[in-house]
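To start, the structure itself, in structure tokens.
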Amino acid sequence: MPPPTSPAHVVTVALGDRSYDVHVGAGVRARLNSMMPPGARRAAVITQAGVGWTVDSGLDQSVFTVADGEEAKSLAEVERLCRAMSRAGFTRSDVIVAVGGGVVTDLAGFVAAVYHRGIRYISVATTLLAQVDAAIGGKTGVNLPEGKNLVGAFWQPHAVLCDTEMLTTLPPRELRSGQGELAKYHFLGGDDLDALDLDERIAAAVRIKADVVAADEREGGRRAILNYGHTLAHAIETAGRYDLRHGEAVAVGLVYAAEVALRLGRIDSERVAAHRRVVSGYGLPDRLPAVLDDDELLALFGRDKKAVDGVTFVLDSDRGVEPVVGVPEKILREALAAIR
Ligand code: GLY
């Protein structure tokens with residue numbers, strides 16, 4: 001039996017008639033059955049065995065368990081799920097409930113986007129990373145052998161439940177990885193995050209993300225700021241020779257972005273120190289693993305999905321964080337030296 005729901009934070013992602021609420025707090029998963037979309041008769045619960053939490057949608061529900069880990073984010077798994085849902089008779093008026101972290105959210109959201117040309121889905125986000133990032137904003141998709149998230153769709157959920165009680169069973173390293181994404185929000189307007197407890201902090205991060213998504217749902221411009229710290233992070237992950245979780249790589253990437261901004265005269269050294277303080281405050285790394293060399297990282301920066309015209313970095317300034325096109329290679333190299 002889920003615990004009684006404590007007072008929760010409710011943040012609206014304002015997208016006109018596709019607006020939805022994100023509920024943050026201990027026990028909010030108990031709200032699931034009151035959130036079912038009108039007309040839904042059945043729920044397809046998509047989850048991974050390692051998630052370790054079950055939910056009660058209050059509808060006739062079938063559970064589809066996908067492979068553990070990132071392997072689940074494949075077109076083969078999309079086909080398998082769509083075929084299983086089809087055999088089980090799911091229709092366009094039914095609902096998918098994604099229960100898990102970023103992998104499940106991305107995969108189940110994409111299945112929702114394409115099954116019968118689009119059905120409604122609700123995310124029950126069980127990891128910190130999903131609660132402050134992946135589950136919010138409607139980016140869904142899967143990987144190809146050629147790269148991560150290369151096939152996807154913008155498809156907004158019907159509601160999101162960020163049950164902070166679910167974080168109590170997360171392995172410590174998984175929690176730390178989510179803190180890397182949380183650290184990012186300190187520089188996206190969340191200057192007061194330090195003063196907040198975890199539930200409030202998650203809700204504040206969700207509020208920042210909700211505002212950005214509402215302003216630029218399809219990443220025509222401003223939404224790119226949510227990738228603060230991610231250019232180096234993606235390069236580290238793609239190089240793949242060092243065991244850093246996504247949020248840990250983002251933490252190093254935040255400090256790197258600050259060092260780049262410093263060398264472009266956009267911020268001062270006190271602001272760089274603030275980046276290091278926030279990252280270390282979460283117990284996250286602020287240095288680059290020695291096994292990754294500069295030439296390889298620079299080559300990977302150019303291959304980042306966000307590299308539209310030369311190397312684009314999201315960088316801090318007095319005006320806030322913004323995308324900057326064409327950062328000179330010399331600056332990129334100097335800043336790499338500063339995080340060795
Ligand atoms: N994770 C970045 C975004 O949702 O835009």
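Order of listing sets the numbers, starting from 1, for every ligand and every atom in it.
Residues forming a side chain to side chain contact (heavy atoms under 4.5 Å, CB included) with Asn143 (at least two apart in sequence, or on another chain): Glu70, Lys73, Lys148, Asn149. With sequence neighbours excluded, no residue forms a side chain to side chain contact (heavy atoms under 4.5 Å, CB included) with Pro145.
Ranking protein heavy atoms by distance to atom 5 (O) of ligand 1, first place goes to Arg223 NE, 2.7 Å. Of all protein heavy atoms, the one closest to atom 1 (N) of ligand 1 is Asp133 OD1, 3.0 Å.
Taking the six-membered ring where tryptophan is involved, the planes of Phe187 and His275 are essentially parallel, since the angle between them stays under 30° and well short of 60°.
Within the listing of ligand 1, atoms 2 (C), 3 (C), 4 (O), 5 (O) sit less than 4.0 angstrom from a heavy atom of Lys139.
Residue-ligand proximity: Lys209 is placed with a non-hydrogen atom under 4.0 Å from ligand 1.
Using a 4.0 Å cut-off between charged nitrogen and carboxylate oxygen, Asp21 and Arg31 do not count as a salt-bridge pair.
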